[in-house]
Amino acid sequence: MRTTESRERKLPVKAMELDEAIASFVHDGDTVALEGFSHLIPFAAGHEIIRQGRRHLTFCRMTPDLIADMLIAADCVDRLVCSFFASGSAGSLHEIRRRLERREPRPLAVEEYSHHAMVLRYHAGASRLPFMPIRSFAGSEIPGINPDIREVENPYGEGTVYVVPPLNPDVTVIHAQRADARGNAQIWGITGVQQEAVYAAKRVIVTVEEIVDDEVIRADPNRTLIPAHAVDAVCVVPRGAHPSYVQGTYDRDNAFYRMWPPLAKDPAALREWLDTHVRGTASHAEYLERIGEEHLRSLEVASRPSGAVDYGRRRAQA
Amino acid sequence: MRTTESRERKLPVKAMELDEAIASFVHDGDTVALEGFSHLIPFAAGHEIIRQGRRHLTFCRMTPDLIADMLIAADCVDRLVCSFFASGSAGSLHEIRRRLERREPRPLAVEEYSHHAMVLRYHAGASRLPFMPIRSFAGSEIPGINPDIREVENPYGEGTVYVVPPLNPDVTVIHAQRADARGNAQIWGITGVQQEAVYAAKRVIVTVEEIVDDEVIRADPNRTLIPAHAVDAVCVVPRGAHPSYVQGTYDRDNAFYRMWPPLAKDPAALREWLDTHVRGTASHAEYLERIGEEHLRSLEVASRPSGAVDYGRRRAQA
Amino acid sequence: MSAAHMTGAPAGTAAAESAAVAEDYTQTELIVCAAAELLAGKRTVFAGIGLPTLAVDLAHRTLNRDIELIYESGVAGAHPEAMAEGIADSVVVSGAESVVSMQALFGYVLQGGNVDVGFLGAAQIDRHGSLNTSVIGDWEQPAVRLPGSGGATDIMANAGEVFVIIRRHDHASFPAELDFVTSPSPVAARASGRGIMPQGHGVSTVITPLGVLRREDRFGELVLTHTHPGVTVEQVREATGWELAVADEVAVTAEPTVEQVRLLREEIDTVRLYLR
Amino acid sequence: MSAAHMTGAPAGTAAAESAAVAEDYTQTELIVCAAAELLAGKRTVFAGIGLPTLAVDLAHRTLNRDIELIYESGVAGAHPEAMAEGIADSVVVSGAESVVSMQALFGYVLQGGNVDVGFLGAAQIDRHGSLNTSVIGDWEQPAVRLPGSGGATDIMANAGEVFVIIRRHDHASFPAELDFVTSPSPVAARASGRGIMPQGHGVSTVITPLGVLRREDRFGELVLTHTHPGVTVEQVREATGWELAVADEVAVTAEPTVEQVRLLREEIDTVRLYLR
C-alpha cells in the first residue's frame, strides 16, 4: 500500500505581479513545468526565472522549444524532462545540442519520453496514480535508456504493458487568454497538456493576457480549463507568450523563430541576446519595447469570432 | 503481447432518421451504451430501441436512470453495467429493484462499479488499453462481487493497485445540442462521459437538437467534443432528451421524474405506460404529442448567452 | 456554538431576533443547521444531493462565502440561482465558474486531492465510518437493493474528510457489522492489505437524528460528541449496534436560529423538496 | 500511375495542359507528388510538418476531398487558410472542425485506432521500417542529437500504416543496423517480447530521393517498387545498406503535372518554406 501526499490547499487567489509570483513560488532546485504546446508558451515567466537567476532546476516540457535553449544557456537548468529536442519546423536547439553532443559548457541530464508518454506522466501526476499504461514502446530502445519506463503484467490477458510514472512538478506555469481575479482561467485553441500539468503541480502560476470580470468567465463555464482552486497566482502579462502565440490575439513570431537557430548556434551571441533582452530588461514590458511595437503589431490577427451559445436560466416549472 | 482489433473505419457521415439508425446499428445481443450524466440522456433513442424490440442487450450506463427501468421493463436487457442503481433525487428504479430483489419476472445480470471506475472503463476502452489504475476500492467489498476489478503490482513502489478493464460497447448513443451533417457534435454544460463512450464504441449514433451549418461548428472548434470521424449516424431529434434536459434549450421535466417511481412500482402501470407512450407511438414526435405541447413549453428556459471569443485569422507577417 | 459566531448577521434588534433560537423547527432543519456549522473554514466541498445541498447552501449564505461547491457532474464553483434538484441540475451549470470533464473531476479534482470535505449518505455505517449504500441482505439476492456506490467509494478514498448525514439512528443503520462495505474507512482499507490506501481521513463527522459523532484519529472509532436537544447519551448508546464511545464532555447541539430556518424555508428549499 | 487517375481535373484543352507533365520540377516536388498520389482513398491522416504538410494539402486539393487532417496538437478536421508552419500553427485551429485535448488526441484518436495514415520523417530507417529519430552515434554522448520521438513512437505503434519521406538515400540513412531504434517496426516489437504489439502495419511506404519502397507484409521487408525518372534499380541497391529486395516489375514514378507544380508553388507553399 502507498499513500500520496495531498496537494497543498489553495487560498482564494490574489492577483499579483509576475516578478512577485516567480519570487514566491519558484525556488532553486525545483522541478518546474512550463507547458503550452507551441501555443501559449509562457515565455515571459521563463524570462523572469532567468532574471531572478534560479539554479539547478529540473525543467519539464514536452517540446522544449526556444525557452529551453534560453533557460539552459542562462544556467538555470540541471535536468531536462521532455519528449522532443528541437523546435518544430524551425530546426535545432543548439544550446541543448552543445550540452548533449559535446557537454559544453557542462553536461545536462535528460529524461526522454514520447509525447503520449509525457501526456500520461502529467495525467498520472494530476490523478495521484503511481503509473499510467501506454501502448507505445514495444521494441523501442527508449525504455532501455530510461529506467523509469517499466512494465506490469496484464492481469486480463497475456504479456506485459509498458507504464510511465507520474510527473509532479513543484511548480507549473502556464499562459492563458484570460482569467478572473480568483484564477479561473480560460483557454481556447490548442489546449495542450496544461490542465494535467496544473493539477499535477504543488504550486501553480497562471499568466494571462487579461483579467476579466467574474461574469465573463461565468457566462461560459465550459471554457474554464483551469478552475481557481488549482491556482496560486494569476499575473496579467500582455503578450506574455511572445514569440509563441495566443489564438485570437497575436500570431506566432515566425521571423523570431527562424532567427533563433543561427543565433543560438553561437554561444556568445546567445548569451548576448539574453543579456540584452532578458537580463538587461526589468520586466516583460521592457522586453517588449526591445522587440519593438511596430514588429509586435505586425503579429496581430484579424477577427474570427466564435459565435455564442446559450446556457439558459431556469423558469418556474408547471 | 496482445493485439487489439482496430476500430471500424467511418465513412463520411450521412444524416439519417433515428429509426433507420437504430435499425442499422443496434442489433440483438449487442453491448449498448446510452450515456449522458443526468444531462442529455438519449431517451428518444432508448425509446426507439424499445419500439424495434431489441433483445438480450448488455446495457451500459453510469447512472441507469428512468431509461434503464424502461428498457428493462420492455425486456430489451439481459445485463446491466453501471455504477448507480437509483434515479438521483427522484428515488428508486422499481423495475431494477424487482429484478434484483425478487428476480421478477426474471433475473438481471449486473456488473457493478463506482462512478470513477466506469469513467476509467470507458477511458481504457477509448484508448485501447487493457486496464486503467484507480485509487478507489482498497477495503471495499465491490471487488469481491466483481471479479473484473483486479490488482497489479506497483512497479515503482510497494503494494498493489486496483485496475479496471476497458469497456468497448458495440454501439454508443449520445444526444448533443448540435452537429453538422458530417457528425461533428458540440456539447456544452455537463459533458459527462460522452467523449470516452463514443471513442470506446465500434459504432456511434449521435442524436441532436439541430443540425447546423458547417461554419457554425467551425467557428468554435473547441466545443466539438465528438469529431466526425468517430460518428456513424447523426439524427435530428428535437427534444430527444426528454424527460432529461438540454442545457440552454429545455429543462429537466422534474414532474415526470417525480411521477416515475410510484408509476414504476406497479409493473402493470409501467407496461401500460410503455404501451401508450413508446410502443403506441410511431416516433419521438408522436411521443412528444402524448406528453403535450403545453407541458413541454413549460420546460423552456430563459436565455443566458455565453458571449463570444475570438479565434483570429492570420494576416501576412512583417 | 452560539449565533454570535455567525458572520453577516445584521446589527441591532432585528439581528437579535433573527439570531434567536427558532421556536419551531423540524428535526431535518436541526440536522441541516448542525452540518452547515461544521463547514466553517472549509474550502472545497463535494456536495451530494438531498440534505447536503441544503447544508452547503446555508453555510455559504451564513458562514463561509469562500466555500467552493464542487459536484461530481463536473462543476466546480457553482452559483445556483435556484435550489439544485440534482448534482447535475442545469442550475448548477448556469453561471458556474467552471465545468470540466468527468475525467478531470474524478481524476484531477477528487483523486488529485483537491476536495476538503465530501458529503455522503448511507443506509448503514460502522464504528470506523465504513459505509454501506449497496444492499440490505446478501448482494446476490438482496432484501433491499440500494443505489450502490455512485461516486461514494471514490469520495471516501480521496476527500480530505467525509461528513455523513443519516436519517435513522438504530441498530439497523448503526450495526456491529455492515451487510456490505461499499465505501471503506481507512481502518478497513488498511486491514484489506490491497490497493492504494485512502489519502484522506475517511468519515470525520456523522450527523444523526439523535446527535453528532466524530472521529479524531484516522484509524480510530466514532465518538459521541453532541446530543440533540432532549436526547440523552444513554438513548444514543442504546440505539447504536456497538459499544459506542462517548466524549468526556458531551455538548448539546445548537438549535436552529430564526434566520437559519427562514433561509431554509423561504430562500433555499422553497418547494420543500428536501425539508419534508 | 498516370495523370488520368486524377479526379477533379477540368475538361478540355486547359485541362490537358495542366495534366501534362511539368517541364521543370524539383526532386522535392517529385517526392511530394508521389506521396500525395498514395493518399487516394485514405480517410484520416496524421500530418507531420514539412513535406507531409505539402503532400496532404496537395492530395486534399486534387485527389481526395474526404481526407481528414489530424494534427498531434489536438486538431481533427483542419482547414488551414494558409500553409501551416507547424503542427500547432494558429491556422490549423481557425476554422477547424474540432480541437480536442491532447489526451483525447493521443489516447482516443491515435491510440484508439482512428488514424489511417501517419506521416513520419527519419534520419535512419532499417529493412523492416524501424526508424531512428533520436541520435547518430551513442545515446549517452551522441555525435548528433536528433529531435527524439515527439509523437513518432506513438504514431508508429498506433496508426493503420506509416508513410516515411526521407531526403537522403545512402548507407548512412539506410543502414544495416540503426544507431538507435526510436520507433520500432512490428518486426522489432515482436522480437522484443515486451509491451503491447503495435496495432497497425508499421511503415508501408518509403519515399526517397531515388524511388519508392513498400512493405506488403506486416512482418516483411521493404521492397523497391518504383524508381524515380533517370534512376536505375542498381543505383538504389547500391545506396542501400542492406541487400534490398526488388519487386518483379519496378515502375517509374509518375512525374509531377503542370497543375501539381502550380498548386505547390502558387497556392500551397507560396513562401517556399518547404519547397527549398
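Every chain is numbered from 1 and lettered A, B, ... according to where its sequence line falls, protein lines coming before strand lines.
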Sort out for me which of [options] touches chain B most, counting heavy-atom pairs under 4.5 Å.
{"options": "C:Ser94, C:Gly50, C:Gly74", "value": "C:Ser94"}
{"options": "C:Ser185, C:Gly151, C:Ala188", "value": "C:Gly151"}
{"options": "C:Pro147, C:Ser183, C:Pro142", "value": "C:Pro147"}
{"options": "C:Val135, C:Val93, C:Leu105, C:Asp154", "value": "C:Asp154"}

Inset, instruction - Count the heavy atoms of every other residue, nucleotide or ligand shown that sit under 6.0 Å from CD of C:Glu177, and state whether that count exceeds 12. - result: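 No, CD of C:Glu177 has 12 or fewer neighbouring heavy atoms, counting only those of other groups under 6.0 Å.
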Legend entry - C:Glu216 atom CD: more than 12 heavy-atom contacts under 6.0 Å: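 No, the 6.0 Å shell around CD holds no more than 12 heavy atoms from other groups.
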Inset, instruction - May I ask you to decide if the ring planes of C:Phe106 and B:His115 are parallel, tilted or perpendicular, using 30° and 60° as cut-offs? - result: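 It falls in the perpendicular class, over 60°.
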What part of [X] is in contact with chain B, defined as an atom under 4.5 angstrom from a non-hydrogen atom: side chain, backbone, both or neither?
{"X": "C:Ala88", "value": "both"}
{"X": "C:Val144", "value": "both"}
{"X": "C:Ile155", "value": "neither"}

[X] portion near chain C, given a 4.5 angstrom heavy-atom threshold:
{"X": "B:Tyr245", "value": "side chain"}
{"X": "B:Ile134", "value": "both"}
{"X": "B:Val246", "value": "neither"}

Rounded distance (nearest 0.5 Å) linking atom [atom1] of [X] with atom [atom2] of [Y]:
{"X": "C:Asp89", "Y": "B:Ser38", "atom1": "CG", "atom2": "OG", "answer": "8.5 Å"}
{"X": "C:Met102", "Y": "B:Gln195", "atom1": "CE", "atom2": "CD", "answer": "13.5 Å"}
{"X": "C:Ile196", "Y": "B:Glu151", "atom1": "CD1", "atom2": "CD", "answer": "10.5 Å"}
{"X": "C:Trp139", "Y": "B:Asn146", "atom1": "CH2", "atom2": "CG", "answer": "7.5 Å"}

Legend entry - Whether B:Glu141 side chain and C:Val181 backbone form a donor-acceptor pair below 3.5 Å: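 Yes, because the side chain of B:Glu141 sits within donor-acceptor range (under 3.5 Å) of the backbone of C:Val181.
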Legend entry - Sidechain-backbone polar pair: C:Gln111 side chain, B:Arg135 backbone, donor-acceptor under 3.5 Å: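 Indeed, once roles are kept as given, a pair shorter than 3.5 Å links the two residues.
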With chain C, which of [options] has the greatest number of heavy-atom pairs at distances under 4.5 Å?
{"options": "B:Gln247, B:Glu112, B:Glu101", "answer": "B:Glu101"}
{"options": "B:Gln194, B:Met62, B:His123", "answer": "B:His123"}
{"options": "B:Ile142, B:Ile96, B:Ile145, B:Leu120", "answer": "B:Ile145"}
{"options": "B:Leu100, B:Thr191, B:Val119", "answer": "B:Leu100"}
{"options": "B:Arg102, B:Met118, B:Arg97, B:Arg103", "answer": "B:Arg103"}

Legend entry - Residue pair B:His116 / C:Thr153, side-chain heavy-atom distance below 4.5 Å: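 They are not in side-chain contact.
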Legend entry - Non-hydrogen side-chain atoms of B:Phe85 and C:Thr133 separated by less than 4.5 Å: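 No - every pair of side-chain heavy atoms lies 4.5 Å or more apart.
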Inset, instruction - Compare every heavy atom of B:Ala138 with every heavy atom of C:Ser192, then report the nearest pair and how far apart it is. - result: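 Shortest heavy-atom separation between C:Ser192 and B:Ala138 comes out as OG-C, 4.0 Å.
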Legend entry - Which atom of C:Ser149 lies closest to which atom of B:Tyr113, heavy atoms considered: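 So the two residues come closest at CB-O, 4.1 Å.
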Legend entry - Lys NZ or Arg CZ of C:Arg194 over B:Phe137 ring: under 6.0 Å, within 45°: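 Judged by the rule, C:Arg194 and B:Phe137 form no cation-pi pair.
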Legend entry - Test log, rule side-chain contact (heavy atoms from CB on, under 4.5 Å), inputs B:Tyr257 and C:Glu85: CA-CA 11 Å; B:Tyr257 269 82; C:Glu85 295 200 27; over 6 Å; no
Inset, instruction - Step by step, work out the side-chain contact (heavy atoms from CB on, under 4.5 Å) result for B:Trp188 and C:Val99. - result: CA-CA 9 Å; B:Trp188 57 96; C:Val99 179; over 6 Å; no
Inset, instruction - In sequence, state the C-alpha distance, the side-chain angles, and the governing distance for B:Arg258 and C:Leu273, and then conclude on side-chain contact (heavy atoms from CB on, under 4.5 Å). - result: CA-CA 11 Å; B:Arg258 282 193 283 266; C:Leu273 184 63; 4.0 Å; yes
